[in-house]
Number of protein chains: 2
Amino acid sequence: MKVERTVTSGTTDAPRKRLSRAERERQILAVAEEVFATRGYQAASMDDIADRVGLSKPMLYEYFGSKDGLLLACLERAKRELLDSTAAAAGDADNAEQLLHDCLLAFFRFSDEHKQAWALLRNESAVLSVPINSELEAIRGQQVELTAELMRTARPDLSQQRLEAFAEAIIGACERMAMWRERRPEITSDQATEHLMALVAPGLT
Amino acid sequence: MKVERTVTSGTTDAPRKRLSRAERERQILAVAEEVFATRGYQAASMDDIADRVGLSKPMLYEYFGSKDGLLLACLERAKRELLDSTAAAAGDADNAEQLLHDCLLAFFRFSDEHKQAWALLRNESAVLSVPINSELEAIRGQQVELTAELMRTARPDLSQQRLEAFAEAIIGACERMAMWRERRPEITSDQATEHLMALVAPGLT
DNA sequence: AAAGTAATCTACTCATAGTAAGCTACTTGT
DNA sequence: ACAAGTAGCTTACTATGAGTAGATTACTTT
């Protein structure tokens, strides 16, 4: 189980290439995302991640501070990607229904195509430590805001509170349906979008 | 920080009452639910829970097997309570819209009145270890089934897949809105219900 | 080539999940 | 009443994994 690297004694050992901080950080993030997504936060060990990168543990702490910090960095990147994807889809739509449709579809496609990032986000409350969770809620707040903002242009008659409520509800519905699709892979992102449209579009137009 | 019990040397020490397994289990569950809900799974320590119960750690393992096992027992109880609450509310409703309304309201009231149980369920994917998560998804499946079943009686024209999709979406929306209400305590359960009804009722009738 | 610095390592500490092995109070058969 | 059995309980351990102190080595700069 233990993969000795024997840096000191080896004859054929490569002398461990040195990389710039930025490069190493990207490399670590890639490995960490994979490990967190497959094993889960708790079962993932810093030693394991370090080994896979081919680096010693203190480097992870040097760059990310803590296990929480490392997860948080992964989450932030994933969340940004998701936000970008949906925001981009919101660009070219002429009416409210079309807009909703495009965003939903973009979301479901994202959860298809970036399975690892999505697995991470889906389990985001994995950690529960107060500092992380509040940070996460802040990030999530952005998504709600974006959604509410988009809806306001379509339905300026609705109250601020109602818009927020709708945004929360729709995002929650999306997340659950994405998890549902993991259990039923035969359901395409178009079908999922259609189901959700059937449920909420009448209430929005 | 360490509260020594000094059982061996004390003069005024109560000799640690012996309880039946069933009673002790209930007592442990109550403490564990509180600790898990407030500190979170990760930060909760078995030693701490044992101390608060006034018991030694091996007893927790004797009765619940592992930390996961203890959390799972808490979750199962909480989930059953929630399921009972909503199922009871489904009893006396004459039409589909009324039914949906009553269930939603029951859910939001539950998350008000059983804050601890709800905090636990809300963070249920806290653990991520594969065995626990699959167990949890199974429990959750019951709720989806119940919801889908209720909707089928109201809308027998919809396909099985669509009913499931609606059930998942509505449950996801509920969960998110309950979390939203934690941030905005001024929003009553009636208001939350009304918002959600406004969003989904048109799509269901 | 000397000095400086950024990347890296080895070798620890400490907290906590989980366990082995035995002790003790209550129950039950005779 | 008392011996035997058992269910509840404890002390004292191991093992793993997060996090850290301090030294070291490879590039960069002058």
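Note that the coordinates shown come from a computational prediction; the quantities given were computed from them, not determined experimentally. Chain A is the first sequence line, chain B the second, and so forth, proteins listed ahead of strands; every chain is numbered from 1.
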Could you list the protein-to-nucleotides 4-6 of chain D atom pairs, N/O on both sides, closer than 3.5 Å?
none

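Applying the salt bridge (charged side-chain N to carboxylate O under 4.0 Å, His left out) test to pairs two or more places apart or on separate chains, those with a residue in residues 141-150 of chain B are B/E149-B/R152.
The interatomic distance linking A/D51 (CG) with C/dC9 (C1') rounds to 13 Å, in whole Å. Atom CG of A/L19 and atom C1' of C/dC9 are 15 Å apart (whole Å). The distance between atom CZ of A/R18 and atom P of D/dT24, rounded to the nearest whole Å, is 14 Å. What separates CG of A/L55 from P of C/dA6 is a distance of 17 Å, to the nearest Å. The distance between atom CD of A/Q27 and atom C1' of C/dA7, rounded to the nearest whole Å, is 13 Å. For the pair B/M59 CE and C/dT24 P, the interatomic distance rounds to 16 Å; values are reported in whole Å. With rounding to whole Å, A/E25 atom CD is found 9 Å from C/dA7 atom P.
Using a 4.0 Å heavy-atom criterion, one finds that A/Y63 contacts the sugar-phosphate atoms exclusively.
Across all non-hydrogen atoms, the minimal contact from A/I187 to A/A192 is CG2-N, 4.1 Å. Shortest non-hydrogen contact noted between B/G203 and B/F166 is O-CE2, 4.2 Å.
Partners of B/D84 by salt bridge (charged side-chain N to carboxylate O under 4.0 Å, His left out), not counting sequence neighbours: none found. Annotation: side-chain hydrogen bond (donor to acceptor under 3.5 Å, both in side chains) contacts of B/E81 (sequence neighbours excluded): none. Taking A/R184 as the reference, A/E186, B/E164 meet the salt bridge (charged side-chain N to carboxylate O under 4.0 Å, His left out) condition, with sequence neighbours excluded.
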Notebook entry, point to check: For nucleotides 13-18 of chain C, read 5' to 3', which letter fits each nucleotide if B means a protein heavy atom sits under 4.0 Å from the base, S means only the sugar-phosphate is that close, and - means neither?
Noted result: ---SBB
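Between B/D51 and B/K57, none of the side-chain N atoms (NZ, or NE/NH1/NH2) sits under 4.0 Å from a carboxylate O, so this pair counts as no salt bridge. At a threshold of 4.0 Å, the pair B/E182-B/K115 does not count as salt-bridged, since none of the basic side-chain nitrogens sits closer than that to a carboxylate oxygen. Checked for salt-bridge contact, B/E25 and B/R21 meet the test: a charged N lies under 4.0 Å from a carboxylate O.
Listed candidates were D/dA26, D/dT11, C/dC9. Nearest to the side chain of B/S56 is D/dT11.
Taking side-chain N and O atoms only, A/R24 has no distance below 4.0 Å to OP1 or OP2 of C/dA6.
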